Enquirer: 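I'd like to ask some things about the structure below.
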Amino acid sequence: MQRLVIVSNRVPPPSGVAAGGLGTCILDALQDHDAVWFGWNGDLVSTESEITSACARYDRLTQITMPLTERDYREHYLGFCNAALWPVHHCRLDLARFAPGCIEGYRRVNLRFAKEVMSRLRPDDLIWVQDYHLIPLGSNLRALGARNRLGFFLHIPFPPPEVLLAVPEHLWLLNALCSYDVVGFQTNADRQNFFRFACGHLDGEPMSGNTLRIAGRIVTAVICPAGIDTHSFSEMAKSRRAAAEIERLRRVGEPLINIIGVDRLDYTKGLPERLRSFRRLLELYPQNRKATTLMQIAPPSREDVQAYAQIRQELEGLCGEINGQHGDVDWTPVRYICRNVAREALAALYRGSQVGLVTPLRDGMNLVAKEYVIAQDEEDPGVLVLSRFAGAAEDLREALIVNPYDLDEVAHAIQRAITMPREERIERHQALAVRVRERDAHNWMAEFLCALDIDRAPALSFELASARHRRAARHAWMAPRPAPAISSAVL
Ligand code: ADQ
């Protein structure tokens, strides 16, 4: 039987552990598939000779993982992936660092991963590589002789070509991207930027529809917005445990209105701007004092990168300032929680919050926006305030769309959300929920695989549609999956 082979930087254990957006969306989507998943297990060893791969089988999923060396971690993971590619792709050239030697680490790890995949590959495997850590993996596999269909999905934004040109060896990197048969993006804007780069700086030639001829090969560029497993998430939000959690929140918390933000602690998520907007809300609409609280959940990630340590300090300083300036003995304006929260508790917190504040400065998609919508009570839903710079804004037009840099605009939008009549909230929520359900994790995977597996595309569509049907039926009577514990946020 044809296997799906997934390769990503980090492989989360399949006990349903949230490992950030990529892990959430793959684990959710894989429920109906037999798959093999390759990647880093999160461990570090001193030398390459100590690297051995381990294979673990769970139901329909096999995971093959290996450690990185400390040098790989420094050069590949911190140095090139997170200090160079991540800021460039999020248009933060001011934070990008191109330390000498790091790109060699990136090449080395990609080649090692490719050799590991190659050693276990079957001729008819479909290969799907995930995200910016592994762009050259496809060309490595080709060089090692793989003839399989190769797909790649970029979870983060594809920046305008003028920005990408700042990456040393950008031509090598982008030529490597074009060695895949199918390249997937979150939004139309990302795909357009890719086409602009491929046609303006490589020898790409647009063909009909979404294909490109480049270096004698055809590359298909598809848009597949990442999503969540909406059935299980809405069941979680409605569970008894969630209801108890909401009740506890009401007892502990004095405010009538709860605003929630949930993000990995990352400078792309616009957290300081969000806190400043909340402070503007309290200044512009003082009736919110003692009546409204912002709960910001932000577990630290990538703390070995300097910019991440700085953002944490800034955020903690701001929380202290706002609470000191506006708080009172019986009211804490900002509740800041700097750790992971179990998924079921998260669902409950979304449901118990009247406003979901999702205001990244730039984001590939943003699954939190989708989770917030799906967790709401349909009869009395909260309102999503969403940054225009999140990929999710391309679809979720009935949210209150804001410019996260404009603090007053965000403050006015929050006030509008707080005071929005119930009929309008229901109307907006209904439209959003339909869109989030249409673009769920299963659809994300189905659309990509249909583009990748051209021969089996019709059969695959049918299989996926039936699986969705079965799932819907199952969820109608089944209890939700137990809420997973959350592991460390190494992404
Ligand atoms: P991320 O940047 O990690 O993902 P996002 O899409 O918001 O961002 O997903 C975060 C996930 O982690 C959500 O499922 C959320 O519930 C979970 N999470 C966040 N904080 C948590 C906490 N404190 N406790 C528990 N869980 C928490 C990358 C890209 C995004 C893209 C995704 C998927 O940067 O733009 O949407 O991949 O493609």
Side-chain angles (χ1 to χ4, degrees), residues 8-10 12 16-29 81-82 85-87 89-90 92 130-133 152-158 184-187 189-190 223-230 232-233 236-237 260-271 295-302 308 335-350 356-375 384 386-387 389-396 436 439-441 443-445 448 483-491:
S8 68
N9 173 60
R10 184 79 163 88
V17 170
L22 185 149
T24 304
C25 133
I26 298 179
L27 283 173
D28 278 359
C81 296
N82 289 329
L85 288 183
W86 177 269
H89 276 262
H90 290 85
R92 290 298 303 268
Q130 309 286 327
D131 229 2
Y132 60 103
H133 313 85
F152 177 88
F153 186 80
L154 187 68
H155 288 258
I156 63 175
F158 193 99
F185 299 100
Q186 301 271 26
T187 66
D190 295 321
I223 301 168
C224 310
I228 58 167
D229 182 8
T230 53
S232 64
F233 206 78
M236 254 185 240
I260 191 162
V262 176
D263 311 75
R264 270 188 313 103
L265 213 169
D266 194 300
Y267 53 77
T268 60
K269 303 289 182 183
L271 295 168
M295 179 183 288
Q296 178 61 55
I297 303 178
S301 64
R302 306 172 190 172
Y308 286 77
R335 286 195 210 154
Y336 171 54
I337 298 158
C338 186
R339 62 179 156 75
N340 283 314
V341 172
R343 235 167 136 57
E344 199 167 44
L346 210 54
L349 292 172
Y350 289 137
L357 201 46
V358 180
T359 52
L361 304 180
R362 202 160 281 271
D363 215 332
M365 174 54 49
N366 197 298
L367 298 182
V368 170
K370 300 190 172 189
E371 290 168 354
Y372 179 76
V373 168
I374 285 305
L384 176 65
L386 178 62
S387 161
F389 302 117
E394 204 169 276
D395 262 350
L396 303 185
V436 175
R439 305 285 208 164
D440 69 357
N443 189 70
W444 168 70
M445 182 168 277
F448 190 92
I486 308 293
S487 74
S488 70
V490 178
L491 301 172

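Order of listing sets the numbers, starting from 1, for every ligand and every atom in it. Everything quoted here is computed from the prediction, not taken from an experiment.
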Enquirer: Based purely on interatomic distance, does R339 place a nitrogen or oxygen under 3.5 Å from a nitrogen or oxygen of ligand 1?
Expert: yes

Enquirer: Identify, by atom number and element, the atoms of ligand 1 in contact range of G364, meaning under 4.0 Å from any of its heavy atoms.
Expert: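 Those atoms are 35 (O).
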
Enquirer: In terms of atom number and element, which parts of ligand 1 are under 4.0 angstrom from non-hydrogen atoms of Q186?
Expert: 31 (C), 38 (O)

Enquirer: For ligand 1 and V341, I'd like to know whether there is a polar contact (N/O to N/O, distance under 3.5 Å).
Expert: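 There is such a contact, yes.
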
Enquirer: Considering only heavy atoms of R264, which atoms of ligand 1 have at least one such atom less than 4.0 Å away?
Expert: 1 (P), 2 (O), 3 (O)

Enquirer: Is any side-chain heavy atom of F389 less than 4.5 Å from a side-chain heavy atom of P157?
Expert: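 No, every pair of side-chain atoms sits at 4.5 Å or beyond.
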
Enquirer: Counting heavy atoms only, which part of W444 comes closer than 4.0 Å to ligand 1: side chain, backbone, both or neither?
Expert: neither

Enquirer: Can you tell me if D190 uses its side chain to pair, donor with acceptor, with the backbone of T187 under 3.5 Å?
Expert: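 Present.
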
Enquirer: Where on L346 is there a heavy atom closer than 4.0 Å to ligand 1, on the side chain, on the backbone, on both, or on neither?
Expert: side chain

Enquirer: Are the side chains of D395 and P225 in contact, using a 4.5 Å heavy-atom criterion?
Expert: yes

Enquirer: Whether the side chain of S387 engages the backbone of P360 through a donor-acceptor N/O pair (distance < 3.5 Å, no angle test) should be reported.
Expert: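 Looks like yes, one N/O pair under 3.5 Å.
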
Enquirer: Going by the atom numbers of ligand 1, which of them fall below 4.0 Å from some non-hydrogen atom of H155?
Expert: 29 (C), 31 (C), 33 (C), 35 (O), 37 (O), 38 (O)

Enquirer: Angle between ring planes, W86 versus Y132, binned at 30° and 60°: parallel, tilted or perpendicular?
Expert: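 The arrangement is tilted - the two ring planes meet at 30° to 60°.
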
Enquirer: Which ligand 1 atoms are under 4.0 Å away from a heavy-atom of V368?
Expert: 7 (O), 15 (C)

Enquirer: Is Y132 in contact with ligand 1, taking contact as a heavy-atom separation below 4.0 Å?
Expert: no

Enquirer: Determine whether N9 and D131 make a side-chain contact, defined as any pair of heavy atoms from C-beta on separated by less than 4.5 Å.
Expert: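 Answer no - side chains too far apart.
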
Enquirer: Any sub-3.5 Å donor-acceptor pair from K370's side-chain atoms to A226's backbone N or O?
Expert: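 Pair found, side chain donor or acceptor close to backbone of A226.
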
Enquirer: Out of all atoms in ligand 1, which are within 4.0 Å of some heavy atom of D363? Include the element for each.
Expert: 30 (C), 34 (O), 35 (O)

Enquirer: With heavy-atom distances below 4.0 Å as the criterion, list the atoms of ligand 1 near R343.
Expert: 14 (O), 16 (O)

Enquirer: Once you restrict to heavy atoms under 4.0 Å, what part of I297 touches ligand 1? Side chain, backbone, both or neither.
Expert: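 It is the side chain that gets close, since no backbone atom is under 4.0 Å.
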
Enquirer: At a 4.0 Å threshold, what atoms of ligand 1 neighbour a non-hydrogen atom of V262?
Expert: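 The list of qualifying atoms is 19 (C), 20 (N), 21 (C).
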
Enquirer: Do S8 and H155 come within less than 4.5 Å of each other through their side chains, counting heavy atoms only?
Expert: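 The answer is no; the side chains never approach within 4.5 Å.
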
Enquirer: State whether the shortest distance between N or O atoms of I156 and N or O atoms of ligand 1 falls below 3.5 angstrom.
Expert: no

Enquirer: Considering only heavy atoms, does Q296 approach ligand 1 within less than 4.0 Å through its side chain, its backbone, both, or neither?
Expert: neither

Enquirer: Within a strict 4.5 Å, meaning less than it, do heavy atoms of the K269 and N366 side chains meet?
Expert: yes

Enquirer: With a 3.5 Å distance limit and no angle check, can you tell me whether D266 reaches the backbone of T268 through a side-chain donor-acceptor pair?
Expert: yes

